[in-house]
Peer 1: 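There's a structure below that I have some questions on.
A note on names: the letters A, B, ... follow the listed sequences, proteins ahead of strands, and every chain is numbered from 1.
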Amino acid sequence: MTQDIPLIAVRGLRVGFHTAGGTVAAVDDVNFSVRAGETLAIVGESGSGKSVMSLSLLRLVPSAITTGEILFRGDDLLTKPAHAMRDFRGGRIGMIFQEPNTSLNPVQTIGDQIVEAIQLHEAVGKAAARARAVEVLELTGIPSPRARMKSYPHELSGGMRQRAMIAMALACRPELLIADEPTTALDVTVQAQILDLMRELKANSGAAIILITHDLGVVAEMADRVAVMYAGRIVEIAPVTDLFDGPEHPYTIGLLSSMPSIDGDSETLTPIEGSMPDPLALPAGCRFQPRCPFAIKRCAMEAPPLETVRPGHLSACWRAPLLETLTRGGQQ
Amino acid sequence: MSTDTTALQTANTAGASRPHLLRHLARDPLALIALIFLVLIVVAAILAPVLAPFDPYDTNLRMRLRPPGGDHLLGTDTQGRDLLTRLLYGARTTLALGFASIVVGSLIGTSIGLAAAFYRRLEGPLMRLVDILLSFPSILFGLALAAMLGVGMDSLVIALGLSAAPPIARVARATAASVMQAEYMDAGRVIGLSDSALIRRYLLRNCAAPIVVYCSLQFGETILLAAALGFLGLGLQPPTAELGSIAAEGRSFIFLAPHVSTAASLLIFMIVLSCNLLGDAFRDLTDPKLQR
C-alpha cells in the first residue's frame, strides 16, 4: 500500500518566462508523480521543456514564474522559503547534469567537492566525510578512488567526471535523483557503463529516478514509466513496455518510428514532418495538431486533456485509442 | 597501482606544461627588465631606513639645492635634505599608498562586479552607478574625494581605492557573467550550497585570474594618481616624503636646480612604466589567444 503514496507529485506545474514578445510558458500544466524506487523517463525533442521542468523541480530557474504544486512526500516545495530549499538540494534530491565536462567546479578537487556536499547535509566531521566520499567514489567504479579525491576535474576523462558527478549526487543518499541527459555527452561505450552504474546504484539505494532524455534506447533500458513531452506539455504517460508496444499519441508514434533499430528496415525510418511550434505563437487546440497525420477538425479547436486510455496509460489525444481509430478508419 | 602512477605522471606533466611566469618573462626582455626594476625599487623602499645615507627630515638650509655629487649622490632639495634619501622614503610612501589603494579598490570593485553578476536584479543599479563613476576622469574623481575626505593616509587610500574600483568592477562583472553561464554554478546550487558559498568558492575563484591581472595593470595607474594628488598638494602633507610632493617642491626651482623635480618625476615615470609593462606581460600570459 505504501507504494501507492508518491514520492514526488507534480500538480499543474507551469513555468513561464517574460520575454520581449510576451510571456512564454516553457512548461504548461504538467502533472505526474513518481513513486519511491521508480524510474520515470521524460522524453521529448529539444525545446519541449523537459530540462526547464527538471530544473524547476528544485526551483533552479531564477527568472521564471513557477506556479502549481510540487509535493515531495506531501510537502509543497514551491511554498518553501528559499533557505529551506537548500536542505532538499543535494540532500533529499540529487541531480546529475548533461555535461560532466562543465558541471564540476574546475578550481576545486573532486574530493573537496564531494566532502562539501556531504558536510552541507550531514553533521559529520571532515574525516568521516572524506571516508564517505571515498566510499561513494568507489561505488561508482572509479579506479583508485583515494587518489582521485585529490584530482581536479580537468585531470579526469568525461566518463570519470560523470562518475564523480554521480558520486556527488549520491553522497547524501538522496530519495530522488534527477538525471538530465546523463549520458548524452559521453561516448557510446561509456554511456552503457554509466547506465549500468545508475541501474545498479538505484537497485542498491532504492532511490527514485527522474531521467530526462531524448534517447529512446536509454528509455527502454532504464525506465519503469515514460512521460512524453511536447511543447511544454505531457502528451502521453505510460508504463515503458505499454508505451513501446501500443503508443497512444501520434507524436509518440512519430518518435518511435524515427528511431533506427538494428532489425528493422532502414527505409521505415520516418521523421516527423515540420518542427516544434514557436512558443510565442502556439497553435490553437492541440499543440501537435499542425504536424499530426491523424488531425481532425476538433483538434484545432479544443486542446485534448490527458486522459486514461488503458489502466496506467494516459494520452492527450482526441483520437485515442489510436488502434481503434485506425481500424475504424480502415472500415470506412 | 600502475594506474595510480600513470595518473600521477599525467597530472605532473599537465602541471608542468602550464605556461610558467618566469619562463614567459625570459622570452619578454622588456617585462623582465621591468620586473627586476620593480623588485629593486620595492626592496629599496622597504629597506629605506637601512639604505638611506641621511635622515629624510634633517634639514640644512646652508646645503639647499646642491647639485648631485659629493656627499649627496643626487644632491639636496629645497630644505637641504638629501634627495636620494627623500626619494627612497618617497618611493616607500607612494608604493605603499598605491598598494593599499589597489587592495581597497579591488575589494570594492570585485564585490560590486560579482554581486551584479550573481544577483541579476542588482545588475542595473550597480553597473549604472559604476558607469556614472567611470564618466569622471579618475584624477578629478580622486581630487574631489581627497578634498572631501581631508588629508591623511586613511582618507587618501579610500579616495584612491574608490577611483580604482569602477573599472575593476566592470572587469569583474564581465568575467563573472561568463562564469555564471557555466553549468557548475547550477551544479553547486544543486548540492545545496548557500549563495555566499557559491560566490566565494565557485564564482570568485573562477574569475580570480583575470581580475588579478587587471588589478596589476591598474596598479601603475593608481600610483600615478597618488603621485598626482601629492603633486597637487592633496596628498600627504609635508614634511612626509612622497614622490609627487617632492616633484612639486622642486618645481619652483626648476631652472636653478632641475635635479629635484627631474629625479622625482623620472622615478614616478619608471615605476609606472614598469608596472604597465609587467601588467601587459601578465595579460599576455593569461590570454590564450596570444599564446604562441
Peer 1: Relative to chain B, which segment of A:L120 carries a heavy atom at a distance below 4.5 Å: side chain, backbone, both, or neither?
Peer 2: side chain

Peer 1: Please say whether more than 12 non-hydrogen atoms of neighbouring residues, nucleotides or ligands are located less than 6.0 Å from CZ in B:F99.
Peer 2: no

Peer 1: Which one, A:N101, A:L55, A:L104, leads in non-hydrogen pairs under 4.5 Å with chain B?
Peer 2: A:L104

Peer 1: How would you list, in number order, the residues of residues 161-197 of chain B that have a heavy atom less than 4.5 Å from chain A?
Peer 2: B:E183, B:Y184, B:D186, B:A187, B:R189, B:V190, B:I191, B:G192, B:L193, B:S194

Peer 1: Who among A:E116, A:M165, A:Q108, A:E99 has the most heavy-atom pairs with chain B under 4.5 Å?
Peer 2: A:E116

Peer 1: Would the number of heavy atoms belonging to other residues, nucleotides or ligands and lying under 6.0 Å from CZ of B:F37 be above 12?
Peer 2: yes

Peer 1: Does CE belonging to B:M153 count more than 12 external heavy atoms closer than 6.0 Å?
Peer 2: yes

Peer 1: For chain B, find which of A:M95, A:Q98, A:R146, A:K150 contributes the most heavy-atom pairs closer than 4.5 angstrom.
Peer 2: A:M95

Peer 1: Please state whether the side chain, the backbone, both or neither of B:R121 comes within less than 4.5 Å of a heavy atom of chain A.
Peer 2: neither

Peer 1: Side chain, backbone, both or neither: which part of A:H83 has a heavy atom under 4.5 Å from chain B?
Peer 2: neither

Peer 1: Counting only non-hydrogen atoms closer than 4.5 Å, can you tell me which residues of residues 204-221 of chain B sit against chain A?
Peer 2: B:R205, B:N206

